[in-house]
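Before any comments, here is the structure.
Computed from a predicted structure; not experimentally measured. For ligands, and for the atoms within them, numbers begin at 1 and follow the listed sequence.
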Amino acid sequence: TNRTFTMIKPDAFGAGNAGAILKMIEESGFKLVAMKVTRLSAEAAGQFYAVHKERPFYGDLCAYMSSGPIIAAILEKENAVADFRTLIGATNPANAAEGTIRKIFAKSLEENAVHGSDSDENAAIEGSFFFSDLEKV
Ligand code: ATP
């Protein structure tokens with residue numbers, strides 16, 4: 001088995017969809033390793049998304065990701081990173097497959113409900129951004 005990292009983003013958390021999204025995640029075979037409700041400052045969002053800092057949407061993305069509470073979680077499953085990307089669907093909900101989390105819950109390309117790590121290496125880095133070694137059991 002291995003791990004991925006997810007966030008339920010401010011749009012989905014604010015709309016009261018966290019429970020429904022977590023239910024889909026658990027029903028798809030992912031185990032919760034660590035989870036918290038938290039909030040990113042604009043600075044912390046900027047650090048988390050530093051890889052995008054030259055992109056035109058970076059400022060908006062940092063403002064959006066710091067606009068309200070989120071859930072951060074580490075998930076465990078065989079083939080976790082790829083299977084979770086399949087479960088959430090395409091970045092733009094307009095292109096997301098039927099039945100995916102983004103198809104059901106995302107509002108737009110930016111306000112797209114959830115994050116999922118894109119590699120094992122980034123899953124570890126992103127999990128460590130939010131959780132201590134003790135919390136990562
Ligand atoms: P995530 O990293 O959140 O799982 P992703 O890997 O599908 O998403 P990235 O290309 O890494 O997508 O973009 C990170 C986030 O930035 C997207 O999830 C979305 O919220 C936002 N974003 C991406 N492209 C755009 C864009 N063109 N305009 C506005 N926001 C965007």
Atom 7 (O) of ligand 1: the protein heavy-atom neighbour that sits closest, reported with distance to 0.1 Å: T91 OG1, 2.4 Å
For atom 13 (O) of ligand 1, closest protein heavy-atom neighbour: H52 NE2, 3.5 Å
For atom 6 (O) of ligand 1, closest protein heavy-atom neighbour: R85 NH1, 3.2 Å
Heavy-atom nearest neighbour in the protein, as seen from atom 21 (C) of ligand 1, with distance rounded to 0.1 Å: L61 CD1, 3.8 Å
Close approach, L109 and ligand 1, non-hydrogen under 4.0 angstrom: yes
Subset of ligand 1 atoms that lie under 4.0 Å from at least one heavy atom of R102: 1 (P), 3 (O), 4 (O), 7 (O), 8 (O), 18 (O)
Closest protein heavy atom (residue, atom, distance) for atom 20 (O) of ligand 1: E110 O, 2.8 Å
T100 side-chain N/O to L87 backbone N/O, donor-acceptor pair under 3.5 Å: no
Nearest-contact summary for atom 29 (C) of ligand 1 - protein heavy atom, Å: F57 CB, 3.6 Å
From E76 atom CD to K31 atom NZ, the distance as rounded to the nearest 0.5 Å: 9.5 Å
Close approach, M7 and ligand 1, non-hydrogen under 4.0 angstrom: no
Connected hydrophobic set around Y58, excluding itself, where side chains approach under 4.5 Å: F5, M7, V33, L40, F48, Y49, F57, L61, Y64, M65, I70, I74, F129, F130, F131, V137
Side-chain donor or acceptor of R102 paired with backbone N/O of V114 under 3.5 Å: yes
Ligand 1 atoms in contact with N112 (distance to a heavy atom under 4.0 Å): 17 (C), 18 (O), 19 (C), 20 (O)
Atom 1 (P) of ligand 1 [closest protein heavy-atom partner, distance rounded to 0.1 Å]: H115 ND1, 3.0 Å
Check: N112 side chain, N92 main-chain N or O, donor-acceptor pair, under 3.5 Å: no
Exam field: side chain N122 to backbone S117, donor-acceptor pair closer than 3.5 Å: no
Residue K9 vicinity, atoms of ligand 1 by number, heavy atom under 4.0 Å: 3 (O), 17 (C), 18 (O), 20 (O)
Crowding at NZ, K36 (>12 non-hydrogen neighbours, <6.0 Å): yes
Pairs meeting criterion salt bridge (Lys or Arg N to Asp or Glu O under 4.0 Å) with involvement of residues 80-96, two or more places apart: K77-D83
